[in-house]
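A short worksheet on the structure shown next.
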Amino acid sequence: MLKNYAMLKPFSDLGINNPLQQSLKALHITEPTAIQVKTIPVVLNQKEDVVVLAKTGTGKTAAFGLPLLQLIDIENNEVQTLILAPTRELGQQIYNNLVSFSTNTPEITIASICGGTSIKPQIAGLKDATHIVVATPGRLVDLIKRDAISLKNLKYLVLDEADEMVSALKEDLDLIIKDVPKTRRTLLFTATMPGAIKQLVQNYMSKKVVQIEADMETVGHQGIDHQYVVVEPIEKLEVLLHFLNSKEGEHGIIFCKTKAAVNKLAKNLAINKFSSGALHGSLTQGIRDRIMGQFREGFIDILVATDLAARGIDVKDVSYVINYHLPDTYDAYVHRSGRTARAGAKGLSLTILQQEEVVDISDFEKELGITFKPFKKADAQSIEENNGLLWAKKIFKTKPNREVSEDFKAKIKTIFHHLTKEELVDKILANYLAQTGAETLKPEITKKGKRH
DNA sequence: AAAAAAT
């Protein structure tokens with residue numbers, strides 16, 4: 001941050017107009033990030049297409065959003081700008097950001113065109129003047145096929161997380177690009193430059209392409225503390241629960257490999273009274289929106305998610321990310337860990353491994369140029385103690401059963417009447433251990449996660 | 001093999 005300070009200019013120097021500056025001020029955004037300094041003038045200049053290589057999204061949305069808002073022609077009622085994102089959550093986030101940037105330019109209309117919600121209001125809304133559309137590819141293709149949207153006067157096309165879109169959403173993307181005029185300008189944001197991206201640049205972008213690179217050292221990994229811990233399969237959940245208990249009051253994201261694993265882990269966290277929610281692509285959009293909203297607002301502390309949440313999601317004060325399963329690709333690791341340590345903050349990225357996966361960690365180090373520090377695993381005794389604390393917390397958080405009659409409760413109270421609190425705790429604990437047949441407390445776990 | 005995206 002400090003290293004880059006000299007090159008940072010105020011937004012006015014970058015050519016951002018007064019209404020937008022006022023909006024930024026109201027949002028307490030005072031200084032442009034490095035990527036914004038490099039990107040905004042090029043976009044405003046209106047000459048070249050842009051390819052931005054940036055690993056994590058510090059300020060990406062504003063880097064294209066601000067200049068594109070400024071370039072909207074209010075007199076023209078057709079769709080002038082199209083922004084594509086790979087997930088609905090990211091699309092919604094970009095839409096919300098643009099809306100917040102445009103509070104002082106209410107005449108600019110922005111539409112969010114993502115799937116999972118009723119298509120009818122979207123079709124109706126598009127009949128009115130719409131200047132900017134933020135979309136996920138599937139729903140947009142649907143609207144194009146229904147002739148509900150016209151992109152024939154499009155001036156700007158933004159592809160966010162373009163590497164993900166060319167790999168997973170290629171077919172839809174090709175259809176969309178075929179439908180937009182060749183004269184439009186393209187802004188492409190990507191973490192990596194796989195062959196598919198190079199091809200896209202070659203085939204679909206103009207000859208004048210400016211490539212912008214964020215300084216990976218300062219932007220990509222700054223502030224993230226990468227750690228790993230090796231566990232036996234049987235102790236994996238206990239080690240996690242111990243970690244989470246030490247992070248009480250902080251916010252984090254736990255990534256799992258599959259939807260079923262997300263469901264199962266979220267259920268286990270819920271049973272153990274952690275404030276958490278599950279997020280993956282097989283939940284209804286209503287539930288996805290609710291969980292995302294609760295996490296954003298801080299009503300839940302822990303988000304358990306598939307790679308759906310790996311890219312672009314920007315939530316304040318996420319102080320740790322956990323890889324409960326090793327990510328499939330190096331890219332995925334960068335994206336997942338990039339959910340923490342945002343906007344200059346610090347964060348921990350902890351990867352939980354089994355013995356046979358330890359070799360992979362050195363591959364990640366080599367490929368990504370990072371060093372994993374060993375996380376000091378709690379010893380057996382403190383894990384045991386933590387299990388006891390979880391058990392107690394669970395009892396503490398259990399709501400009294402209203403069905404039990406006052407009369408009956410009174411009778412039970414008489415039995416315990418002469419006991420001190422300490423004696424009562426001793427008895428409950430001993431009783432619990434006798435019942436479970438265990439020598440020490442174990443966290444309660446579900447047999448199965450819901451299948452999807 | 002799994003994840004995302006259209007109903």
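So that the names make sense, note that chain A is the first sequence line, chain B the second, and so on, each numbered from 1. Just so we're clear, the structure is a prediction, and the values are computed from it rather than from any experiment.
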| request: When you get a sec, tell me which of B:dA3, B:dA5, B:dA6 is the closest nucleotide to the side chain of A:Thr306? | output: B:dA3
| field | Nucleotide B:dA3, atom P - distance to CG of A:Leu308 in whole Å | value | 11 Å
| task | Looking at every strand, decide which applies to A:Arg146 at a 4.0 Å heavy-atom threshold: base, sugar-phosphate, or nothing. | result | nothing
| remark: Hits for side-chain contact (heavy atoms from CB on, under 4.5 Å) against A:Asn17, two or more places apart or cross-chain, chain-then-number order -> A:Pro19, A:Leu20, A:Gln70
| query | To the nearest Å, how far apart are A:Asn263 CG and B:dA2 C1'? | reply | 14 Å
| query | So does A:Thr136 get a side-chain nitrogen or oxygen closer than 4.0 Å to the phosphate oxygens (OP1/OP2) of B:dA6? | reply | yes
| message | Both conditions, 6.0 Å and 45 degrees, for the charged tip of A:Lys25 above the ring of A:Phe11: are they met here? | response | no
| query | Which of residues 351-358 of chain A have a heavy atom under 4.0 Å from DNA chain B? | reply | none
| remark: Hits for salt bridge (Lys or Arg N to Asp or Glu O under 4.0 Å) against A:Arg336, two or more places apart or cross-chain, chain-then-number order -> A:Asp307
| said: Tell me every residue that passes salt bridge (Lys or Arg N to Asp or Glu O under 4.0 Å) with A:Asp289, counting only those two or more places apart in sequence or in another chain. | reply: none
| said: Nearest to the side chain of A:Asp328, heavy atoms from C-beta on, is which of B:dA6, B:dA2, B:dA5? | reply: B:dA2
| said: How many whole angstroms separate atom OH of A:Tyr324 from atom P of B:dA2? | reply: 19 Å
| task | Would you mind reading off the distance between A:Asp172 atom CG and B:dA6 atom P, rounded to a whole angstrom? | result | 8 Å
| Phosphate-side-chain proximity, A:Arg336 and B:dA3, N/O vs OP1/OP2 below 4.0 Å | no
| query | To the nearest angstrom, how far is A:Glu164 atom CD from B:dA2 atom P? | reply | 17 Å
| query | To the nearest angstrom, how far is A:Glu89 atom CD from B:dA5 atom P? | reply | 7 Å
| message | Taking any heavy-atom pair under 4.0 Å as a contact, classify A:Leu169: base, sugar-phosphate, or nothing. | response | base
| message | Base, sugar-phosphate or nothing for A:Arg311? Non-hydrogen atoms, less than 4.0 Å. | response | nothing
| said: Salt bridge or not between A:Lys60 and A:Glu161? Use side-chain N to carboxylate O under 4.0 Å. | reply: yes
| field | Atom-pair distance (NZ on A:Lys259; C1' on B:dA5), nearest Å | value | 11 Å
| request: Give the rounded distance in Å between these two atoms: NE2 of A:His280 and P of B:dA5. | output: 12 Å
| field | Partners meeting side-chain contact (heavy atoms from CB on, under 4.5 Å) with A:His251 (sequence neighbours left out) | value | A:Phe295, A:Asp301
| request: Identify, with sequence neighbours excluded, every residue that meets side-chain contact (heavy atoms from CB on, under 4.5 Å) alongside A:Val230. | output: A:Tyr228, A:Gln355, A:Val358
